[in-house]
Amino acid sequence: MNLHRLVYRSRATVPVDLELVLSIAQESQRRNSRMAITGILLATNTHFFQVLEGEERPLERVYGRIARDRRHTDLCVLSRGPVARRQFDGWAMKGVGLMGLEDALAQRLRSRYGVEGDELRFPRDEAEALAFVQDVRRYLR
């Protein structure tokens, strides 16, 4: 298997709430499961952050569709390349809205990763991005 991971962040062009995040995740689950794409979508009121995993060609097709989506702009790929194993096996797409977090988790994420405007700041490099996702995953368990 030619397994790859792609991590990106973007700025929302539409109002983002939990309903939108779950709607995008649900739509992605249907499409991604057919192509063996797994991952997680995180969102604040102003930004999206996503990790996608799968075989290179289907992954690039999915990202091409994402890049054309008008609900966001300023896409910034933090990493793209081969990986030995999946981090999100079994998640065709998990959607997580970070706009209503428990105070303790929100404070921990803000202190570790910072803020951008009034929102939690999504990481800007691969190592920090994967650490961020792991922090959120621990919260989801």
Side-chain angles (χ1 to χ4, degrees), residues 1-83 85-141:
M1 179 184 269
N2 186 11
L3 189 61
H4 278 64
R5 179 178 301 129
L6 188 145
V7 180
Y8 77 90
R9 57 177 275 143
S10 64
R11 185 173 49 83
T13 59
V14 298
V16 181
D17 59 15
L18 184 56
E19 186 177 324
L20 176 64
V21 175
L22 296 178
S23 170
I24 292 170
Q26 187 176 40
E27 180 182 331
S28 298
Q29 288 168 0
R30 285 192 303 273
R31 290 180 177 167
N32 293 353
S33 61
R34 290 184 292 227
M35 294 182 283
I37 301 290
T38 57
I40 188 167
L41 169 67
L42 305 174
T44 65
N45 290 315
T46 59
H47 287 82
F48 294 103
F49 177 85
Q50 191 165 31
V51 179
L52 298 163
E53 303 167 325
E55 290 191 28
E56 184 176 18
R57 293 186 86 177
L59 186 67
E60 290 301 326
R61 280 197 306 269
V62 167
Y63 182 70
R65 187 176 61 246
I66 289 168
R68 291 185 302 273
D69 191 319
R70 294 179 182 220
R71 293 176 287 197
H72 64 159
T73 189
D74 300 336
L75 277 76
C76 176
V77 174
L78 304 177
S79 69
R80 168 191 260 144
V83 293
R85 65 180 182 81
R86 293 178 189 265
Q87 286 190 344
F88 302 99
D89 200 22
W91 286 2
M93 186 52 56
K94 177 76 171 176
V96 181
L98 299 176
M99 52 283 289
L101 290 176
E102 293 177 5
D103 289 340
L105 176 62
Q107 185 60 35
R108 188 169 76 234
L109 291 174
R110 281 188 170 103
S111 67
R112 184 166 181 191
Y113 301 101
V115 294
E116 192 170 327
D118 292 333
E119 297 285 339
L120 175 63
R121 181 181 86 61
F122 285 134
R124 297 184 191 277
D125 68 60
E126 179 181 27
E128 189 180 36
L130 295 175
F132 181 93
V133 169
Q134 291 309 314
D135 285 344
V136 173
R137 281 186 77 173
R138 280 191 287 280
Y139 165 73
L140 295 174
R141 289 183 186 149

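Atom set for the values below is all heavy atoms of this structure, side chains included, hydrogens, waters and symmetry mates excluded. Here the structure is a predicted model, which is why all the values come from computation and not from measurement.
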On the ring face of Trp91, is Arg86 found with NZ or CZ under 6.0 Å from the centre and within 45° of the axis?
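Geometry flag: not set, cation outside 6.0 Å or 45°.
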cation_pi(Arg68, Tyr63) dist<6.0 Å, angle<=45:
no
What residues form a side chain to side chain contact (heavy atoms under 4.5 Å, CB included) with Glu119, not counting sequence neighbours?
Thr44, Asn45, Thr46
Could you work out, with side chain to side chain contact (heavy atoms under 4.5 Å, CB included) as the rule, every residue matching Val115, not counting sequence neighbours?
Arg110
Is the Phe122-Phe132 ring centre distance short of 6.0 angstrom?
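Close enough - the centres of the two rings lie under 6.0 Å apart.
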Quick check for you: to the nearest 0.5 Å, what is the distance between [X] atom [atom1] and [Y] atom [atom2]?
| X | Y | atom1 | atom2 | result |
| --- | --- | --- | --- | --- |
| Tyr8 | Gln50 | OH | CD | 3.5 Å |
| Glu128 | Asp135 | CD | CG | 10.0 Å |
| Glu56 | Arg80 | CD | CZ | 9.0 Å |
| Asn32 | Leu52 | CG | CG | 7.0 Å |

Check whether Glu53 reaches the backbone of Phe88 with its side chain - one donor and one acceptor, N or O, closer than 3.5 Å.
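Answer holds: yes.
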Looking at His4 and Arg57, would you say the former's side chain and the latter's main chain have a donor-acceptor pair under 3.5 Å?
no
Counting only heavy atoms not in [X], do more than 12 sit closer than 6.0 Å to its [atom1] atom?
| X | atom1 | answer |
| --- | --- | --- |
| Arg70 | CZ | no |
| Asp74 | CG | yes |
| Arg112 | CZ | yes |

So does Glu116 pair up with Arg11, basic N to acidic O under 4.0 Å?
no
For a 4.5 angstrom cut-off between non-hydrogen side-chain atoms, does [X] reach [Y]?
| X | Y | value |
| --- | --- | --- |
| Gln87 | Gln134 | yes |
| Leu41 | Ile24 | yes |
| Ile40 | Val133 | yes |
| Leu130 | Glu126 | yes |

Closest non-hydrogen atom pair, [X] against [Y]:
| X | Y | answer |
| --- | --- | --- |
| Ala129 | Leu78 | CB-CD1, 4.0 Å |
| Val136 | Leu42 | CG1-CD2, 4.0 Å |
| Gly54 | Ile37 | CA-CD1, 4.0 Å |

Could you walk me through whether Ile66 and His72 pass side chain to side chain contact (heavy atoms under 4.5 Å, CB included), step by step?
CA-CA 9 Å; Ile66 289 168; His72 64 159; 3.6 Å; yes
Could you give all pairs that pass the side-chain hydrogen bond (donor to acceptor under 3.5 Å, both in side chains) test and reach residues 14-29, with sequence neighbours left out?
Glu27-Arg31
His47: which residues meet the ring pair (Phe, Tyr, Trp, His ring centres under 6.0 Å) condition with it, sequence neighbours left out?
none
Are Leu75 and Phe48 close enough, and set up right, to give a side chain to side chain contact (heavy atoms under 4.5 Å, CB included), and what steps lead you there?
CA-CA 9 Å; Leu75 277 76; Phe48 294 103; over 6 Å; no
Show me the donor-acceptor pairs within less than 3.5 Å that the side chains of residues 92-101 make with the rest of the protein, sequence neighbours left out.
none

Could you pull out all residues at least two apart from Arg71 that satisfy salt bridge (Lys or Arg N to Asp or Glu O under 4.0 Å)?
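Arg71: salt bridge (Lys or Arg N to Asp or Glu O under 4.0 Å) contacts with Asp69.
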